[in-house]
Number of protein chains: 2
Amino acid sequence: MVVDQLSDAEIDRLFHALADATRRDIVAKVMAGEYSVSGLAALYAMSFAAVQKHVAVLERASLVTKQKRGREQIVRVHYEGLQRARRLLDEYEAIWRQRADRIADILAEG
Amino acid sequence: MVVDQLSDAEIDRLFHALADATRRDIVAKVMAGEYSVSGLAALYAMSFAAVQKHVAVLERASLVTKQKRGREQIVRVHYEGLQRARRLLDEYEAIWRQRADRIADILAEG
DNA sequence: ATATCCTACAACCAAATGGTTGTAGATCAA
DNA sequence: TTGATCTACAACCATTTGGTTGTAGGATAT
């Protein structure tokens with residue numbers, strides 16, 4: 001499985017980052033608007049430190065970045081990271097489509 | 001983030017299943033050919049029980065199925081599960097493209 | 001019938017994960 | 001200057017994870 005410029009460890013982090021509903025929701029919210037860490041934390045029934053850890057996981061997966069503004073850290077979508085994640089998911093999807101299409105052809109012959 | 005017919009728990013399992021290089025490799029191998037669990041186990045530097053656990057994670061994520069043939073369990077791609085996974089990744093990809101394109105437009109205006 | 005192979009799972013272990021509380025420093029508002 | 005807000009991180013805890021070894025049952029080969 002050839003993947004564009006991403007090591008296994010990076011792919012691990014990407015999928016791991018998305019393997020949690022809270023983190024997926026954070027990514028969705030951050031795509032739709034601008035949030036500070038504490039702004040995000042206010043939206044979830046967990047401690048500030050827990051949300052901070054989730055944001056850290058997303059940072060390590062290059063899905064978000066943080067930018068200091070006064071005492072706040074603004075969480076933003078990481079454009080390049082998102083593009084790379086997109087291409088990775090695209091490749092998986094293409095590989096899976098190819099295989100699924102072959103299975104469909106074989107089944108059609110039957 | 002609207003996702004086709006998958007609960008948060010199912011999405012968790014899907015991404016978690018893919019958050020490990022060994023499991024990604026198992027999916028790749030099983031897409032390319034036919035393997036028993038012990039056939040797969042022979043390919044990795046870990047115990048049979050460890051590979052069995054990985055296969056179980058992939059089963060729970062509906063990416064593979066097992067089919068008994070004599071004393072062997074043949075691991076196969078789970079066609080419907082793969083399709084659903086594809087659509088999920090597709091949706092993520094589409095949402096991310098949409099956002100990335102908007103960012104690109106805004107940057108182009110600058 | 002016996003030996004071999006294949007599989008499932010329990011029990012165990014170390015590490016990682018996801019959450020908490022507490023402490024402390026930075027920045028803003030009054 | 002002081003109080004409030006925001007953040008980072010350490011330390012802790014319970015659970016999960018990823019691996020192991022061992023046991024046992026089922027199926028195949030001899």
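Scope of the values below: all heavy atoms of this structure, side chains included, with no hydrogens, waters or symmetry mates. This one's a predicted model, so the numbers in the text were calculated from it and none came from an experiment.
- Rounded to a whole Å, the OH atom of A:Tyr35 is 15 Å from the P atom of D:dC6.
- With hydrogens and angles ignored, the 3.5 Å screen pairs a side-chain donor or acceptor of B:Arg24 with a backbone N or O of B:Leu18.
- Atom CD of A:Gln52 is separated from atom C1' of D:dC6 by 10 Å (rounded to the nearest Å).
- Counting only distance, with no hydrogens or angles, the side chain of B:His78 and the backbone of B:Ser62 share a donor-acceptor pair below 3.5 Å.
- Between B:Tyr44 atom OH and D:dG19 atom P the separation is 11 Å, expressed in whole Å.
- Rounded to an integer number of Å, the gap from A:Glu59 CD to D:dT7 P is 12 Å.
- Rounded to a whole Å, the CG atom of B:Leu40 is 13 Å from the C1' atom of C:dT7.
- A donor-acceptor pair under 3.5 Å is absent between the side-chain atoms of B:Arg23 and the main chain of B:His54, judged by distance alone.
- Side-chain heavy atoms closer than 4.5 Å link hydrophobic residues (I, L, V, M, F, W, Y) into clusters, and following such links, even through other members, never connects B:Val57 to B:Leu14.
- Of the possible donor and acceptor atoms, one in the side chain of B:Glu10 sits under 3.5 Å from a partner among the backbone N and O of B:Ser7.
- The main-chain N or O of A:Val37 is never found under 3.5 Å from a side-chain atom of A:Gln73 such that the two would form a donor-acceptor pair.
- Partner of A:Glu34 under the side chain to side chain donor-acceptor pair (under 3.5 Å) criterion, chosen from A:Lys29, A:Arg69, A:Gln67: A:Arg69.
- No chain of hydrophobic side-chain contacts below 4.5 Å, direct or via other Ile, Leu, Val, Met, Phe, Trp or Tyr residues, connects B:Ile74 to B:Tyr44.
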Collect all protein-nucleotide pairs involving nucleotides 17-21 of chain C in which both atoms are nitrogen or oxygen and the distance is under 3.5 Å.
{"residue": "C:dG18", "atom": "OP2", "partner": "A:Arg23", "partner atom": "NH1", "Å": "3.4"}
{"residue": "C:dG19", "atom": "OP2", "partner": "A:His54", "partner atom": "NE2", "Å": "2.2"}
{"residue": "C:dG19", "atom": "N7", "partner": "A:Lys53", "partner atom": "NZ", "Å": "3.2"}
{"residue": "C:dG19", "atom": "O6", "partner": "A:Lys53", "partner atom": "NZ", "Å": "2.5"}
{"residue": "C:dT20", "atom": "OP1", "partner": "A:Ser47", "partner atom": "N", "Å": "3.4"}
{"residue": "C:dT20", "atom": "OP2", "partner": "A:Ser47", "partner atom": "N", "Å": "2.4"}
{"residue": "C:dT20", "atom": "OP2", "partner": "A:Ser47", "partner atom": "OG", "Å": "2.6"}

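- A heavy atom lying under 4.0 Å from DNA chain C marks the following residues of residues 63-76 of chain B, by number: B:Lys66, B:Arg71, B:Glu72, B:Gln73.
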